[in-house]
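Take a look at the structure below.
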Amino acid sequence: MTRTHTCGALRPDDVGADVVLLGWVHRVRDLGGLLFVDVRDRAGVTQIVFGNDDEALMAKGKRLRSEYVIGVEGRVQRRSAETVNPKLETGEVEVVVRKLTLLNEAKTPPFSITDDAQVSEDVRLKYRYLDLRRPRLQANIGLRHRVMTVVRNYFDANGFWEIETPILTKSTPEGARDYLVPSRVHPGEFFALPQSPQLFKQILMVGGMDRYVQICRCFRDEDLRADRQPEFTQIDVEMSFARPETIFGIIEPLMREVFAVIGKKITTPFQRMPYAEAMAVYGSDKPDLRPGMPIQDVRELFRESSFGVFKSIVAEGGTVRAIVVPDAASYSRSAVDGIVNQEKAQGRHLLWARRADDGTMTSSFPKAVGEETVRQLLDATGTEKGQLAFVVAGEPDTTSKMLGQLRLNLAKQKGLLGNDEYAFLWVVDFPLLEWDPEAKRYNSMHHPFTSPHDDDHALLAKEPGAVRAKAYDLVLNGSEIGGGSIRIHDSAQQSQIFSLLNISKEEAQLRFGFFLEALEYGTPPHGGIALGLDRMVAILAGESSIREVMAFPKTAAAIDLMAGAPSPVDAKQLKELHLKI
RNA sequence: GGGGUUGUAGUUCAGUUGGUUAGAACGCCGGCCUGUCACGCCGGAGGCCGCGGGUUCGAGUCCCGUCGACCCCGCCA
């Protein structure tokens, strides 16, 4: 039996044709002398009909159950006007069965193969092969494929070569925890799975490959989240002779093409925002611009104010910050108190002030502060009638982070995170280094191969913490979907950075010696970026977890519920690998 | 590592102040039914109440522990 059409293909034009459909029994409707079966495949659902003129055939049809795999030979027939099903793409026709072949039986599935079936995620993950049959995942996985195809074609058209890099590679114990693979041949030694092909792609630039791209799997042994899996897929990009603008100029049109896959037009160039501004105004290095509500600094109002608490915080170098909630008329006093109490439970003190629709001011500021100060605050923050301002005082960093979280929570509650809105943003000018107070030393914010900003070279010796990096993150709707940098191509500068990071020559040699040596053989200036494919596709699909766009994701405990991995192994295997548990 | 939500039939859930035989819907099985499409109607089966311990005359319900799922913080150069 050879398939002539998919189950989503037949239309009135096909009436009279003899066709063969292959697929799964989606639903059976047995009316006694008449039997309808919906046959489903990746493309859709088609109704087939058994009449009782052929008793043997009817009897065979009546034995069909959900998810049996069948082949159907028959003639396409137009449905009468009353029996057309407008919910089906193929609903104007049906196939009158002439021959039925049972290709395979199926156990009764634990959940029905429809999107409306409510199933807990552990059941879905255990029976992932059934979950994958459902329209939602079929659509998501199909979308993922189309995005990957667009990406490959785009980079090919722009002169990039897709080059594979090793999966078994060298552990570089900075950054995330490595997944290790023991070497059988070399007792006591290990490969690591790549956290990203960082060094290899840079060496490809040394190797004159000029433009590299790879849709590659990366591995990080860290705790999971809705947007983090231990293995995930990056669109990894590296270009010789690149400046940040070169990278933006390649990625922005790519995003246009990717979003065209779901029929969305996005505007380029994307907004750019220095890291410092993102932190101050949105309390995050990956701000979601959709809900508005920027954080405002109102410290000057309180420098000489009658509000002693705020005044002394400002005097000690702290700050006072606020966000204004629009359309807050619906917020009852108890709702506002609820928000304040929630913050209080986390040890954070939140004040508020509002203007009612009639202009009346109310606030949680102490009486002694006075109405005039509250009015100034509302004026300064632009809080209009029907709006509400939340205010917090303290260290700049803490206040911003707190208000940043609050604004996201409020936005979520108020439904301000439009699912059809795409707010792209380049966050630029990241600090090169961040101070680790415990270890009392600097760490790379991005990675140790990131080039310092041209204007900040002089600061390297004097004030390393103030040096900006030529690093950039691509942020979409509050999700970090990519990050990259221009790299150091000069081995002397690379050594300088290592010494700032307190990595000794010997240590650097041990960890990245091969890479440092490569830098000495005529390395072109270069830079790149890595985009998180899973996160990108999740946003395109409107999913809140990347598990919904991966065929075989792991649980929050990093377990594959279907395959049952990880699992113990034979003593023999351990012995060969020179391992003892 | 920490915080929160959660676990009862195949699935999703209900289950009162601790009290007879643990319910519903869908699914499943059987019967009837010639225009259904979430077919309908009639009947039936189906439970280690996650697991272990404790309190109690008595535990799905209370207590302790443990395991799994999800979300968040830490972590993720």
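Every chain is numbered from 1 and lettered A, B, ... according to where its sequence line falls, protein lines coming before strand lines. Since we're looking at a predicted model, the values are computed, not measured.
- Along RNA chain B, the nucleotide nearest to A/S196 and the one nearest to A/L561 differ in position, and the one closer to the 5' end is contacted by A/L561.
- Comparing B/G27 with B/C39, their C1' atoms are spaced 16 Å from each other, to the whole Å.
- The nearest whole Å value for the distance from the CD1 atom in A/I113 to the C1' atom in B/U12 is 15 Å.
- Comparing A/V49 and A/T108 along RNA chain B, the residue whose closest nucleotide (by nearest heavy atom) sits nearer the 5' end is A/T108.
- Counting heavy-atom neighbours within 6.0 Å of A/R11 CZ, excluding the residue itself, gives a total above 12.
- In this structure, A/K414 places its NZ atom where more than 12 heavy-atom neighbours from other residues, nucleotides or ligands lie under 6.0 Å away.
- In this structure, the CD atom of A/Q405 is 12 Å from the P atom of B/C72, given to the nearest Å.
- Across residues 541-549 of chain A, A/R547 each have a non-hydrogen atom less than 4.0 Å from an atom of RNA chain B (numbered order).
- For A/E395, the side-chain contact (heavy atoms from CB on, under 4.5 Å) test picks out A/T398, with sequence neighbours left out.
- With sequence neighbours excluded, the residues satisfying ring-ring contact (aromatic ring centres under 6.0 Å, His included) with A/Y275 are A/F430.
- When the side chain to side chain donor-acceptor pair (under 3.5 Å) test is applied to A/T83, the partners found at least two apart in sequence or on another chain are A/S80.
- Applying the 6.0 Å contact sphere to OH of A/Y127 captures no more than 12 heavy atoms from other residues, nucleotides or ligands.
- Between B/G60 and B/G47, the distance separating the two C1' atoms is 11 Å to the nearest Å.
- Taking 4.5 Å as the limit, some side-chain heavy atom of A/I113 sits within range of a side-chain heavy atom of A/E67.
- Across the protein-nucleic acid pair, A/Y127 atom OH and B/U11 atom C1' stand 11 Å apart, rounded to whole Å.
- For the ring pair (Phe, Tyr, Trp, His ring centres under 6.0 Å) condition, no pair includes a residue of residues 38-58 of chain A, sequence neighbours left out.
- B/G58 sits 31 Å from B/U5 when the P atoms are compared, rounded to a whole Å.
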Query raised in the report: Could you write nucleotides 36-44 of chain B as a row of B, S and -, 5' to 3', where a protein heavy atom under 4.0 Å of any base atom gives B, of only sugar-phosphate atoms gives S, and otherwise -?
Result: BBSB-----
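- The CD-C1' distance, from A/Q118 to B/C70, rounds to 15 Å in whole Å.
- In terms of the side-chain contact (heavy atoms from CB on, under 4.5 Å) criterion, residue partners of A/R27 (sequence neighbours excluded) are, by chain and number, A/R29, A/D38, A/T114.
- With respect to A/R217 and A/E231, a salt bridge is recorded, a charged nitrogen being found less than 4.0 Å from a carboxylate O.
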Atom pairs under 3.5 Å, N or O on each side, protein against nucleotides 2-10 of chain B: can you list them with distances?
unit_1: B/G10; atom_1: O2'; unit_2: A/P110; atom_2: O; d: 3.3

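- The NZ atom of A/K286 sits 11 Å away from the C1' atom of B/C76 (whole-angstrom rounding).
- Side-chain atoms of A/R133 do not come within 3.5 Å of backbone N or O of A/R40 as any donor-acceptor pair.
- The distance from atom CG of A/N52 to atom P of B/G35 is 11 Å, rounded to the nearest whole Å.
- Heavy atoms of other residues, nucleotides or ligands lying less than 6.0 angstrom from NZ of A/K62 number more than 12.
- Using a 4.5 Å heavy-atom threshold, the side chains of A/R177 and A/R220 count as separate.
- Taking the side chain as every heavy atom from C-beta outward, A/W435 and A/N443 never approach each other to under 4.5 Å.
- By the side-chain contact (heavy atoms from CB on, under 4.5 Å) test, A/N52 is found to be paired with A/M58, residues two or more places apart in sequence or in another chain being considered.
- Counting any heavy atom pair closer than 4.0 Å across all strands shown, A/A557 reaches sugar-phosphate atoms only and no base atom.
- Residues passing the side-chain contact (heavy atoms from CB on, under 4.5 Å) test with A/N85 are A/R79, A/K87, A/L88, sequence neighbours excluded.
- Within residues 131-139 of chain A, no residue has a heavy atom under 4.0 Å from RNA chain B.
- Atom CG of A/D227 is separated from atom P of B/C73 by 9 Å (rounded to the nearest Å).
- Within residues 214-225 of chain A, the residues having any heavy atom under 4.0 Å from RNA chain B are, by residue number, A/R220, A/E222, A/D223, A/R225.
- Nearest to the side-chain atoms of A/A226 among the listed nucleotides B/C71, B/G35, B/U12 stands B/C71.
- With both ends at atom P, the span from B/U21 to B/A59 equals 12 Å, rounded to whole Å.
- Taking 4.5 Å as the limit, some side-chain heavy atom of A/L519 sits within range of a side-chain heavy atom of A/Q494.
- In this structure, OH of A/Y179 is placed 12 Å from C1' of B/C76, rounded to the nearest angstrom.
- Residue A/S66 is classed as a sugar-phosphate contact, given heavy-atom separations below 4.0 Å to backbone atoms only.
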